[in-house]
Amino acid sequence: MLLFNGHESHSRSLIKGISWRVLGSIDTFILSWLFSGHAKTAAAIASTEVITKVALYYFHERVWSSIHWGAQRAAPNDPAAEI
C-alpha cells in the first residue's frame with residue numbers, strides 16, 4: 001500500500017509522533033490553563049487530544065514519507081538507506 005511505503009520505518013514515525021504529541025500537549029495545557037483559568041479543565045483538554053493527535057500525526061508522517069517531492073534519494077551503498 002502506497003501510504004505505508006516511505007523513507008522511514010514505522011517505529012520511527014510512531015516515536016516521532018509520540019514525542020511531538022508530548023510537546024504539543026504541554027503547549028495545549030498551558031494555553032488552556034491561561035484561557036480557562038482552571039488547571040483541571042486544561043488537563044482534561046490536553047489529555048483528551050493526546051490520543052487523536054498521535055494517530056493523526058502518525059498517518060500524516062506516513063503520507064509524507066511516501067511523497068518523494070523535495071526528498072533526496074540515498075546512494076546505493078549508503079547505510080542510511082537500509083531502514
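Hydrogens, waters and symmetry mates are skipped; everything else that's a heavy atom, side chains included, is used. Not measured: the values here are computed from a predicted model.
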With sequence neighbours excluded, tell me which residues meet side-chain contact (heavy atoms from CB on, under 4.5 Å) with Ile26.
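Counting only residues at least two positions away or on another chain, Ile26 forms a side-chain contact (heavy atoms from CB on, under 4.5 Å) with Val22, Ile30.
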What pairs with His38 under side-chain contact (heavy atoms from CB on, under 4.5 Å), at least two apart in sequence or on another chain?
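Checked His38 against side-chain contact (heavy atoms from CB on, under 4.5 Å); matches are Ser36, Thr41.
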I need the [X] [atom1] to [Y] [atom2] distance, nearest 0.5 Å.
X     : Y     : atom1 : atom2 : result
His60 : Lys53 : NE2   : NZ    : 13.0 Å
His10 : Tyr58 : NE2   : OH    : 5.0 Å
Phe35 : Ile45 : CZ    : CD1   : 11.0 Å

Minimum side-chain heavy-atom gap Trp64-Trp69 below 4.5 Å
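Trp64 reaches Trp69 side chain to side chain.
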Ala44 and Ser47: which non-hydrogen atoms are nearest, and at how many Å?
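That would be O-OG, 3.3 Å.
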What heavy-atom pair brings Val50 and Arg21 nearest, and what distance separates the two atoms?
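Between these two residues, the closest heavy atoms are O-CG, 3.6 Å.
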I'd like to know if Arg12 and Glu61 make a salt bridge, using a cut-off of under 4.0 Å between side-chain N and carboxylate O.
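Result for this pair is no, no salt bridge flagged.
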State yes or no: do Leu56 and Ile18 share one hydrophobic cluster built from I, L, V, M, F, W and Y residues joined by side-chain heavy-atom distances below 4.5 Å, directly or via other members?
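Shared cluster, no.
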Share the residues that join Leu23 in a hydrophobic cluster, the rule being Ile, Leu, Val, Met, Phe, Trp or Tyr side chains under 4.5 Å apart at the heavy-atom level.
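For the cluster that includes Leu23, the remaining residues are Trp20, Tyr57.
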Side chain Ser32, main chain Phe29, donor-acceptor under 3.5 Å
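Pair absent, no side-chain N/O of Ser32 close to backbone of Phe29.
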